[in-house]
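Reading through the structure tokens given below for one structure.
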Amino acid sequence: MGQLDESRDERAAAARCPAEQAAHKTEPWQAGEDMPSPTPPQQPETEPDVLVDCTAVATNPVIHHLLQDDSHKEQFELYISNLLLHEEGDGPAAGADSPAKRWQARFPVRQVMAALAVSVGSMLVGFTAAYTSPALASMQAPDSRLKITDTQASWIGSLMPLSALCGGLVSGSLIERLGRKITIMATGLPFMLSYALIAFAQDVYMIYVARVIAGLCIGTLSLAMPVYLGETIQPDIRGTLGLLPTTIGNTGILVCFLAGTYLRWDHLALFAGCIPVPFLIMMWFVPETPRWYVAHGKLKEAAKSLRWLRGQDVNISDELSSITEHITAAQRTHSSLRDLLSPHYLRALAISLALMFFQQMSGINAVIFYSVSIFKIAGSSIDGNLCSVVVGLVNFGATFIANVMIDRLGRKVLLYISSSLMVASLAVLGAFFYVKEELPQQHALVTELGWLPLVSFMVFVVAFSVGWGPIPWLFLGEGLPGRIRGSAGSVATAFNWACTFVVTKTFNDLIHAVGAHGTFWLFGVCTAVGLLFTVGFMPETRGKTLEDIEKNLFTTRQGSLKKRPASPVID
């Protein structure tokens with residue numbers, strides 16, 4: 001009997017899962033040594049429930065007593081998450097060098113799907129921003145059921161950026177509390193409500209309310225979209241896919257202009273109200289970002305999300321370990337609004353604010369919003385509405401250039417090219433208006449050069465679209481440290497919309513004060529200063545992980561990123 005008992009005890013000991021065996025060998029833990037990284041569990045031949053028993057180990061009172069130290073507890077939770085992940089068959093398929101893996105590495109289809117889903121929200125942003133251009137004309141038509149004055153039309157246009165400012169301020173808190181995906185999806189129904197209010201508006205105040213709602217959604221998406229893309233896309237293609245919202249947003253502008261030529265303002269609103277439907281459907285099938293899951297202690301969900309994004313045949317161990325290590329280290333200190341002004345984060349915040357400032361001080365929104373009026377002032381021989389459409393088409397096409405080049409040339413090089421071409425085109429525009437306004441004796445020369453404003457505008461828009469247009473928004477998702485990504489992103493987004501409002505509202509006043517030539521030259525000077533800022537202070541983030549960007553490009557507080565013990569491997 002004694003031999004039988006010993007044999008039974010040996011079999012029971014052999015059936016214990018790795019975590020239980022670690023619990024019985026407490027000497028290394030009590031000595032303060034690191035928990036060893038577990039090896040992937042083997043499929044049992046006779047005891048299929050061994051891995052299921054490992055789940056109960058997390059509540060074992062002996063384990064609980066031994067794991068009072070936070071770092072050991074974090075390792076143990078990730079250890080159990082690893083075992084459960086393998087238990088559910090979520091590990092990579094056999095054949096590390098299979099054709100499927102090589103194809104997945106060349107064409108990350110699921111990351112493209114996620115980027116496209118998010119970017120449909122950007123189409124709503126573009127459509128909403130452009131809506132007033134064709135809609136106000138039909139609202140003020142003699143047969144319109146609403147009689148809109150010029151003052152009311154001005155408020156319809158300006159309420160959106162004012163409201164977007166408020167949306168930007170709250171978006172940081174929303175993406176941290178609710179998650180990036182839920183925050184993005186939460187804008188779908190309010191967008192539909194906004195356009196329903198416009199479509200069935202009985203007075204101008206219903207349109208005011210609608211534009212406020214739409215502005216709140218735009219301000220929220222302005223931050224949530226780049227953060228989502230920055231946290232889900234792998235470094236080598238993050239620039240290309242990170243610019244998809246800009247490309248799809250410009251598509252929304254073109255769709256609005258084209259539909260606006262055939263539809264009245266209320267029918268145009270009904271058309272726009274249908275766009276959130278495919279947006280919500282597509283967003284339903286993409287995951288939350290792995291970094292948000294890790295930050296909220298959901299390690300198993302983080303692993304599943306990362307595996308969905310990278311593919312079943314891709315080893316996610318190193319990336320998941322790096323994310324977990326970095327976020328856990330950042331969470332060891334209490335976060336507050338004071339962190340935004342701490343030396344550890346101040347440089348990142350200052351760069352994001354400067355990028356937003358120079359983006360708007362280039363005058364892009366004034367140029368786009370008042371393009372028809374500018375061509376009329378210039379006395380161009382080409383129809384102003386046709387010029388506006390041409391500029392819009394060029395803006396749409398230029399974003400594809402940025403998509404192709406941003407991960408090849410890098411962010412800084414594109415900003416160099418963008419700044420130089422914008423300064424040159426604004427200088428030419430200023431010179432044209434100077435000759436027209438200050439040298440009336442050169443009227444014949446101005447007439448001969450009637451094509452020059454259009455060409456300069458096209459160069460300006462192309463240059464903006466390949467650099468200063470998308471890169472400041474891309475920086476919110478990849479350049480801001482994870483600990484302050486929500487709060488700092490809110491501040492930067494609100495600041496951008498505040499600058500947008502100031503520039504568009506003061507553009508006509510500037511023209512009256514210093515003339516059209518002085519206004520464009522002022523924008524050119526601001527852009528030139530932006531070029532100097534890029535040379536001296538803008539970091540290059542091409543091809544770097546978010547963790548590498550934070551560790552290597554920005555000053556780190558002493559001990560805040562202390563190396564943690566090795567995390568378990570998830571193959």
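Fair warning: this is a prediction, and the values are worked out from it, not measured in the lab. Along the sequence shown, the residues carry numbers beginning at 1.
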Test your reading of the model: is there a side-chain donor-acceptor pair from [X] to the backbone of [Y], 3.5 Å cut-off?
X: Ser322; Y: Asp318; result: no
X: Arg211; Y: Thr128; result: yes
X: Ser362; Y: Gln359; result: yes
X: Glu478; Y: Thr541; result: no
X: Ser122; Y: Pro245; result: yes
X: Thr183; Y: Leu174; result: yes
X: Ser418; Y: Leu415; result: no

Measure the spacing between [atom1] of [X] and [atom2] of [Y] and express it to the nearest 0.5 Å.
X: Leu280; Y: Met185; atom1: CG; atom2: CE; value: 5.5 Å
X: Asn496; Y: Leu223; atom1: CG; atom2: CG; value: 11.0 Å
X: Asn315; Y: Arg307; atom1: CG; atom2: CZ; value: 7.5 Å
X: Thr247; Y: Leu116; atom1: OG1; atom2: CG; value: 10.0 Å
X: Ile182; Y: Met283; atom1: CD1; atom2: CE; value: 8.0 Å
X: Gln234; Y: Arg310; atom1: CD; atom2: CZ; value: 5.5 Å

Could you list the residues that satisfy side-chain contact (heavy atoms from CB on, under 4.5 Å) with [X], not counting sequence neighbours?
X: Ala488; value: Leu340, Leu349, Leu480, Ile484
X: Ala492; value: Ser352, Leu353, Met356, Leu476
X: Met123; value: Ile248, Thr251, Ile275

Please report the shortest heavy-atom distance between [X] and [Y], naming the atom on each side.
X: Phe191; Y: Pro276; answer: CB-CG, 4.0 Å
X: Ser194; Y: Ala214; answer: OG-CB, 3.5 Å
X: Gln360; Y: Cys499; answer: CB-CB, 3.6 Å
X: Ala115; Y: Leu229; answer: CA-CD2, 3.7 Å
X: Gly121; Y: Leu221; answer: O-CD1, 3.8 Å
X: Leu421; Y: Ala463; answer: CB-CB, 3.5 Å

Any side-chain heavy atom of [X] sitting closer than 4.5 Å to one from [Y]?
X: Leu306; Y: Tyr293; answer: no
X: Leu531; Y: Phe358; answer: no
X: Ile351; Y: Pro539; answer: yes
X: Val120; Y: Leu124; answer: no
X: Leu193; Y: Leu189; answer: no
X: Leu355; Y: Trp473; answer: no
X: Ile233; Y: Tyr228; answer: no
X: Trp292; Y: Ile175; answer: no

>> Does anything in residues 212-223 form a side-chain hydrogen bond (donor to acceptor under 3.5 Å, both in side chains)? List the pairs, not counting sequence neighbours.
In response: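 Matches after skipping sequence neighbours: Ser222-Trp497.
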> Would you call the rings of Tyr195 and Tyr131 parallel, tilted or perpendicular if under 30° counts as parallel and over 60° as perpendicular?
Replying inline: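 If you compare the ring of Tyr195 with that of Tyr131, the planes turn out perpendicular.
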> Do the rings of Phe357 and Phe495 sit parallel, tilted or perpendicular, given the 30° and 60° boundaries?
Replying inline: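 Aromatic pair Phe357/Phe495 classed parallel.
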> Can you name the residues that form a side-chain hydrogen bond (donor to acceptor under 3.5 Å, both in side chains) with Arg177, not counting sequence neighbours?
Replying inline: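 Testing Arg177 for side-chain hydrogen bond (donor to acceptor under 3.5 Å, both in side chains), a comparison that skips the adjacent residues, returns Ser173.
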> Would Met282 and Val118 count as a side chain to side chain contact (heavy atoms under 4.5 Å, CB included) if you check the C-alpha gap in whole Å, the side-chain angles of each, and the deciding distance to 0.1 Å?
Replying inline: CA-CA 8 Å; Met282 295 174 69; Val118 172; over 6 Å; no
> Under the salt bridge (Lys or Arg N to Asp or Glu O under 4.0 Å) test, which residues partner Arg180, sequence neighbours left out?
Replying inline: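 Arg180 satisfies salt bridge (Lys or Arg N to Asp or Glu O under 4.0 Å) with Glu176, Glu231 once adjacent residues are dropped.
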> Is there a side chain to side chain contact (heavy atoms under 4.5 Å, CB included) between Phe475 and Met538 once you walk through the steps?
Replying inline: CA-CA 10 Å; Phe475 186 83; Met538 177 68 182; 4.0 Å; yes
> Could you walk me through whether Gln111 and Thr232 pass the side chain to side chain contact (heavy atoms under 4.5 Å, CB included) check?
Replying inline: CA-CA 7 Å; Gln111 294 178 63; Thr232 54; over 6 Å; no
> If you measure from the Lys or Arg side-chain nitrogens to the Asp or Glu carboxylate oxygens, is any gap between Lys298 and Glu288 under 4.0 Å?
Replying inline: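 Looking at Lys298 and Glu288, the cut-off is not met.
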> Can Arg347 and Phe537 be said to form a side chain to side chain contact (heavy atoms under 4.5 Å, CB included), step by step?
Replying inline: CA-CA 9 Å; Arg347 184 188 174 201; Phe537 300 99; 5.7 Å; no
>> Please check if the number of heavy atoms outside Lys412 that lie under 6.0 Å from its NZ is greater than 12.
In response: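 Enclosed.
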